[in-house]
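The chain is numbered in sequence order, starting from 1. Counting convention: from 1, in listed order, for ligands and their atoms alike. The structure displayed is predicted, hence computed values, not measured ones.
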Amino acid sequence: MQIEKNVQLQSFNTLNLNAIASEYVKIYSIEDLIAAIDYAKQQQLHILILSGGSNMLLPEHIEALVLHIHIQGIDVLEDTSEAVKIKVGGGEVWHDFVLMTTERGWYGLQNLALIPGRVGASPVQNIGAYGVEVGEFIESVQVYDRQEQCTKDIAAIDCQFAYRDSIFKRDPNRYIITHVTFRLFKKAQLKLNYGDLKAAVGDDLTPENLQRQVIQIRQNKLPDPKEYPNVGSFFKNPVIDQSDFDQLLTKYPHIPHYPQAQGYVKIAAGWLIEQAGWKGKTLGSVGMFERQALVLVNYSCANLSDVQQTYQAVQNDVKQKFSILLEPEPVLFDRTGLIRSHSE
Ligand code: EPU
């Protein structure tokens, strides 16, 4: 385990924020992880877990020990004629992993192709796209439990997966994800009920084609973080109750929406942002992308306060027009490496 000092994290976060960590270490194994946690305790530092950096907002100076998870490996635990159970290191790149599963004829994750980030981050906010959420294919998550100071497996049911949510998101200082175990299927799993995916897939009803179309749709709509630094959807799609929704509908009959359980309705945040005039609009060096208003882009060397200025302006304008407060999706950190609430 090699601790480095004053490390620039700009190239490790997809929003390209300038962020210097006072201490930084690459983690290749559970042994490294335990040693690093002990070191942080001795030094009285908080720890900040860095994975693919695709869903985080970092301040310019971080007085903490940053643990950069590089745990690799893909182990087949069970292989039957119907399904395969595989345990994957948290540091594996998500998209490469999805491509590998498709190549091997292990199906389920094709709708989730091209999502940035690493495997270990996928359960945290239960990544989802085109009608599939990763939690549907997770069997268990292996964590280091900082409260009980041991590693353990948490079964999917106990992860409490929900829309962009899980126990890992709700209790972020407790669990460090080291591995994720998936159950994937040998028979094609084609989920085509989202928007224009069915039309894009056409008659070639194969998982390989489904994956190709998802990649194409994402490439057309979503900016490549290498070209336009971003963290994917910047806000969650708000979920409101039926009576509030009915009021909105009388004023805006074309509002894109998705009925949810128990009388709730999910509204497309991208539409709200576009209607509030923010699609393709920038404030300083930060703006909302011209082809998908839900994605905030760092157009040149922005720091965290520039990002905050823009997203708060978007929130204010949407609030004024629709009386809906958009909730940011990425995780916000303070100078000591702790997770902060966006509303403080
Ligand atoms: N829309 C607009 N203007 C825009 C963008 C969207 O009017 O600028 C409307 C579209 O016309 C459409 C609706 O909003 O009717 C939904 O848009 P889209 O299908 O692009 O999906 P989304 O709701 O914007 C969500 C996820 C994405 C995921 C896609 C596809 C959230 C917060 N975002 O986006 O996830 O890829 O669905 O399933 O749930 C991410 O989390 O980083 C992410 C990219």
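Residue contacts with ligand 1: F235 is included, with a non-hydrogen atom under 4.0 Å away. Close to ligand 1: Y258, with a non-hydrogen atom less than 4.0 angstrom away. Remark: distances from the non-hydrogen atoms of R218 to ligand 1 include one below 4.0 Å. Contact annotation: R291 has no heavy atom less than 4.0 Å from any atom of ligand 1.
Formation of a donor-acceptor pair under 3.5 Å by the D96 side chain with backbone atoms of E92 is not found in this model. When atom types are taken as modelled, the side chain of H254 and the backbone of Y252 share no donor-acceptor pair closer than 3.5 angstrom. Looking at R335, its side chain never comes within 3.5 Å of a backbone N or O of E63 through a donor-acceptor pair. Formation of a donor-acceptor pair under 3.5 Å by the H68 side chain with backbone atoms of K26 is not found in this model.
Close contacts between ligand 1 and Y163 involve ligand atoms 31 (C), 32 (C), 39 (O) [criterion: under 4.0 Å to a heavy atom]. Heavy-atom contacts of K221 reach the following atoms of ligand 1: 18 (P), 19 (O), 20 (O) (cutoff under 4.0 Å). Interface atoms of ligand 1 facing P256, defined by a heavy-atom separation under 4.0 Å, are 15 (O). Numbered from 1 in the order shown, with element, the atoms of ligand 1 that lie under 4.0 Å from a heavy atom of K279 read 3 (N), 4 (C), 8 (O). For ligand 1, the atoms lying closer than 4.0 Å to a non-hydrogen atom of G232 are 42 (O). Distances below 4.0 Å separate heavy atoms of N237 from the following atoms of ligand 1: 23 (O), 31 (C), 32 (C), 39 (O). The distance from ligand 1 to the heavy atoms of A129 drops below 4.0 Å at these ligand atoms: 36 (O), 38 (O).
Neither Y107 nor V214 shares a network with the other; the hydrophobic side chains, linked directly or stepwise wherever heavy atoms of I, L, V, M, F, W or Y lie under 4.5 Å apart, form separate groups for each. Clustering ILVMFWY residues whenever any of their side-chain heavy atoms sit less than 4.5 angstrom apart, transitively, puts V93 in a cluster other than the one holding I74.
A 4.5 Å side-chain heavy-atom check between F245 and Y264 finds every atom pair outside the cut-off.
Cation-pi geometry between K279 and F289 is not met: the NZ or CZ atom fails to fall both under 6.0 Å from the ring centre and inside 45° of the normal.
With hydrogens and angles left out, the side-chain atoms of E139 and T181 include no donor and acceptor closer than 3.5 Å. When only modelled atom types and interatomic distance are considered, N126 and E133 share a side-chain donor-acceptor pair under 3.5 Å. Using modelled atom types and a 3.5 Å distance limit, the side chains of N18 and Q8 yield a donor-acceptor pair.
Selection from G280, A293, A268 by nearest heavy atom to atom 14 (O) of ligand 1 gives A268. Comparing Q275, E329, Q292 by heavy-atom distance to atom 5 (C) of ligand 1, the nearest is Q292.
If you check which protein heavy atom lies closest to atom 41 (O) of ligand 1, you get R164 NH2, 2.9 Å. Of the protein's heavy atoms, E274 OE1, 3.4 Å lies nearest to atom 2 (C) of ligand 1. Among protein heavy atoms, the minimum distance from atom 34 (O) of ligand 1 is reached at L294 CD2, 4.0 Å. With respect to atom 37 (O) of ligand 1, the closest heavy atom belonging to the protein is Y194 OH, 3.2 Å. The nearest protein atom to atom 1 (N) of ligand 1, hydrogens excluded, is given as W271 N, 3.7 Å; this is a heavy-atom distance. Protein heavy atom in closest approach to atom 38 (O) of ligand 1: Y130 N, 2.5 Å.
Protein heavy atoms come within 4.0 Å of atom 8 (O) of ligand 1.
The shortest N or O to N or O distance between S233 and ligand 1 is below 3.5 Å.
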side-chain contact (heavy atoms from CB on, under 4.5 Å) assessment of L338 paired with F333 = CA-CA 5 Å; L338 286 183; F333 291 87; over 6 Å; no
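Of the candidates R164, H342, K236, E329 forms a side-chain hydrogen bond (donor to acceptor under 3.5 Å, both in side chains) with just one, namely R164.
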